[in-house]
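Since the structure is predicted, the reported quantities are computational estimates derived from the model, not experimental observations. FYI, the numbering just counts along the sequence from 1. Computed from heavy atoms alone, side chains included, the values below leave out hydrogens, waters and symmetry copies.
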Amino acid sequence: MTFYMELRRREEKGREEGKAEGRWGILTELVRDGIITVKEAAKRAGMTEEAFRKLAMH
């Protein structure tokens, strides 16, 4: 793999991680504002309610 290919791979990975973090932040805010339930947020995040609550508490 060339340096350029590795750089592109890492950039893409960073974008995907950023999207996930952004989505997580929005879901957490929606729950805190009472717009959606923890159950709905967990479903959209692809995790259990318990896992969502644990992450949201940090």
Exercise for the section: I would like to know whether E16 and K19 meet salt bridge (charged side-chain N to carboxylate O under 4.0 Å, His left out); could you show each step before the answer? Expected result: CA-CA 5 Å; E16 290 302 316; K19 287 178 189 177; 3.6 Å; yes
Practice task
Let me see the working for L55 and T28 under side chain to side chain contact (heavy atoms under 4.5 Å, CB included), right down to the final yes or no.
Solution key: CA-CA 9 Å; L55 289 173; T28 303; over 6 Å; no
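One distance of note links NZ of K54 with CE of M47; it measures 11.5 Å at 0.5 Å rounding. Taking CD of E17 as the start and CH2 of W24 as the end, the distance is 16.0 Å to the nearest 0.5 Å. Between R44 atom CZ and I26 atom CD1 the span is 11.0 Å, to the nearest 0.5 Å.
Remark: of the listed residues D33, T37, V31, D33 is the sole one forming a side-chain contact (heavy atoms from CB on, under 4.5 Å) with I35.
Considering all non-hydrogen atoms of both residues, A56 and R32 come closest at O-NH2, 3.2 Å.
At a threshold of 4.5 Å between non-hydrogen side-chain atoms, the residues R10 and E6 count as touching.
In this structure, R53 does not pair ionically with E50, as no charged nitrogen and carboxylate oxygen lie closer than 4.0 Å. Taking 4.0 Å as the cut-off between side-chain N and carboxylate O, E12 and R8 do not count as a salt-bridged pair.
Annotation: R15, atom CZ; neighbour count of heavy atoms from other residues, nucleotides and ligands within 6.0 Å is above 12.
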